[in-house]
Amino acid sequence: MINNIFDFIYYLDSGLGIVYFTFIYIIAVVFILPGSWLSLLAGFLYGPLLGTLIVFISAFLGASISFFLSKKLFFSRAQNIINKFSKLSFLEKVISKGGLKLIILTRLSPLFPFSLLNYFYGINKISYKDFSISLFCILPGSYLYCSLGSFANNLSEIKELKTNNILINVISILSTALVIYFLAKYANEILKESSEN
């Protein structure tokens with residue numbers, strides 16, 4: 001059984017294997033499964049550059065499917081719930097006011113899981129244009145994981161790879177702080193507007 005799994009993983013390093021890998025990655029994103037190990041595996045199999053391209057395309061497709069599934073299946077129900085609860089309605093206004101800037105910052109912050117964000121933005125009044133632009137912010141993280149994966153000499157080394165990169169940690173901390181700052185800023189602006197009306 002283990003030999004078969006290893007054989008399949010090494011088979012992914014082929015033309016048709018890339019198609020299979022892409023499909024597996026898309027499924028992982030749609031079903032909210034951890035994708036970091038797949039990104040490391042992509043670096044191991046395809047190298048940092050091709051691996052990053054494959055991961056980005058796969059994540060982009062998976063995220064788009066999740067976004068439209070959320071819009072189609074949950075949007076109207078979510079809007080009914082949001083309209084019933086003033087706090088949820090207020091949160092939606094804050095997110096709408098923040099627009100693309102806030103979406104990009106949440107993509108860079110580790111506080112917000114990638115796959116969950118795709119569904120979350122689907123049930124909010126976020127345009128697909130802004131949603132898709134924000135997906136380009138996953139490129140640095142994808143490249144980091146694929147670069148780390150490319151250093152592995154065999155499959156068993158992949159699980160031992162560390163992801164403590166100073167630059168990524170700094171970006172994560174800054175983006176998280178900015179998310180909190182802008183959420184507070186937009187919330188205050190909305191409260192001020194509502195009190196003036």
Side-chain angles (χ1 to χ4, degrees), residues 6 8-67 99-122 126 128-180 182:
F6 284 154
F8 177 72
I9 288 172
Y10 283 109
Y11 173 73
L12 293 173
D13 189 12
S14 65
L16 189 57
I18 291 173
V19 175
Y20 286 136
F21 181 89
T22 301
F23 179 75
I24 292 166
Y25 205 106
I26 290 170
I27 294 297
V29 171
V30 170
F31 285 94
I32 317 176
L33 301 172
S36 56
W37 66 275
L38 281 172
S39 299
L40 290 168
L41 181 60
F44 171 72
L45 293 171
Y46 314 117
L49 293 178
L50 180 58
T52 300
L53 181 64
I54 293 167
V55 165
F56 175 71
I57 291 170
S58 305
F60 194 101
L61 292 172
S64 298
I65 291 167
S66 301
F67 179 83
L100 182 59
K101 183 193 300 179
L102 201 55
I103 299 169
I104 285 173
L105 289 171
T106 56
R107 286 293 185 202
L108 294 170
S109 171
L111 282 182
F112 306 96
F114 175 76
S115 295
L116 283 176
L117 275 179
N118 302 326
Y119 285 100
F120 177 74
Y121 287 133
I126 300 295
Y128 179 67
K129 179 186 173 185
D130 285 351
F131 176 82
S132 56
I133 289 171
S134 76
L135 290 173
F136 284 91
C137 295
I138 68 170
L139 276 168
S142 299
Y143 181 74
L144 170 67
Y145 276 95
C146 289
S147 295
L148 286 169
S150 69
F151 291 131
N153 295 311
N154 53 59
L155 288 172
S156 61
E157 284 185 14
I158 290 177
K159 63 182 179 182
E160 297 168 13
L161 292 170
K162 303 293 181 189
T163 56
N164 293 328
N165 182 284
I166 293 172
L167 179 61
I168 295 296
N169 287 338
V170 168
I171 291 170
S172 298
I173 292 166
L174 284 175
S175 59
T176 301
L178 286 170
V179 167
I180 294 166
F182 282 114

Leu38 vs Val55 side-chain heavy atoms within contact, under 4.5 Å: no
Where Ala59 and Ile138 come nearest, the two heavy atoms and their spacing: CB-CD1, 3.6 Å
Taking every non-hydrogen atom, the tightest pair across Ala63 and Phe114: CB-CZ, 3.8 Å
Closest heavy-atom pair and its distance - Tyr119, Val30: OH-O, 2.6 Å
Phe60 and Tyr128 aromatic ring geometry - parallel, tilted or perpendicular at 30°/60° bounds: perpendicular
Beyond-backbone contact of Phe120 with Phe112, side-chain heavy atoms, under 4.5 angstrom: no
Residue pair Ser58 / Val29, side-chain heavy-atom distance below 4.5 Å: no
Pairwise distance CZ(Phe23) to CG(Leu61) - rounded to 0.5 angstrom: 12.0 Å
Atom of Pro48, atom of Ser147 and distance for their closest heavy-atom approach: CB-OG, 3.7 Å
For Leu135 against Phe56, the heavy-atom pair lying closest together: O-CE1, 3.4 Å
Exercise: do Thr52 and Tyr145 side chains pair donor with acceptor under 3.5 Å: no
Side chain to side chain donor-acceptor pair (under 3.5 Å) assessment of Ser39 paired with Tyr25: CA-CA 9 Å; Ser39 299; Tyr25 205 106; 2.9 Å; yes
Leu41 vs Leu45 side-chain heavy atoms within contact, under 4.5 Å: yes
Approximate separation, where rounding is to 0.5 Å, of Ile103 CD1 and Ile126 CD1: 4.0 Å
Point-to-point distance, once rounded to the nearest 0.5 Å, from OG of Ser66 to CD1 of Ile32: 7.0 Å
Option among Leu108, Leu105, Ile104, Leu102 that satisfies the side-chain contact (heavy atoms from CB on, under 4.5 Å) test with Leu178: Leu105
Close aromatic pair by centroid cut-off 6.0 Å: Phe44 and Phe151: no
Straight-line distance of Leu40 CG to Cys146 SG, nearest 0.5 Å: 8.0 Å
Interatomic spacing from CZ in Arg107 to CG in Leu117 - rounded to 0.5 Å: 5.0 Å
Aromatic ring proximity Phe21/Tyr46, centre distance under 6.0 Å: yes
CZ on Phe131 to OH on Tyr121, rounded to 0.5 Å: 9.0 Å
Sidechain-backbone polar pair: Tyr143 side chain, Gly51 backbone, donor-acceptor under 3.5 Å: no
4.5 Å side-chain heavy-atom contact, Leu12 and Ile18: no
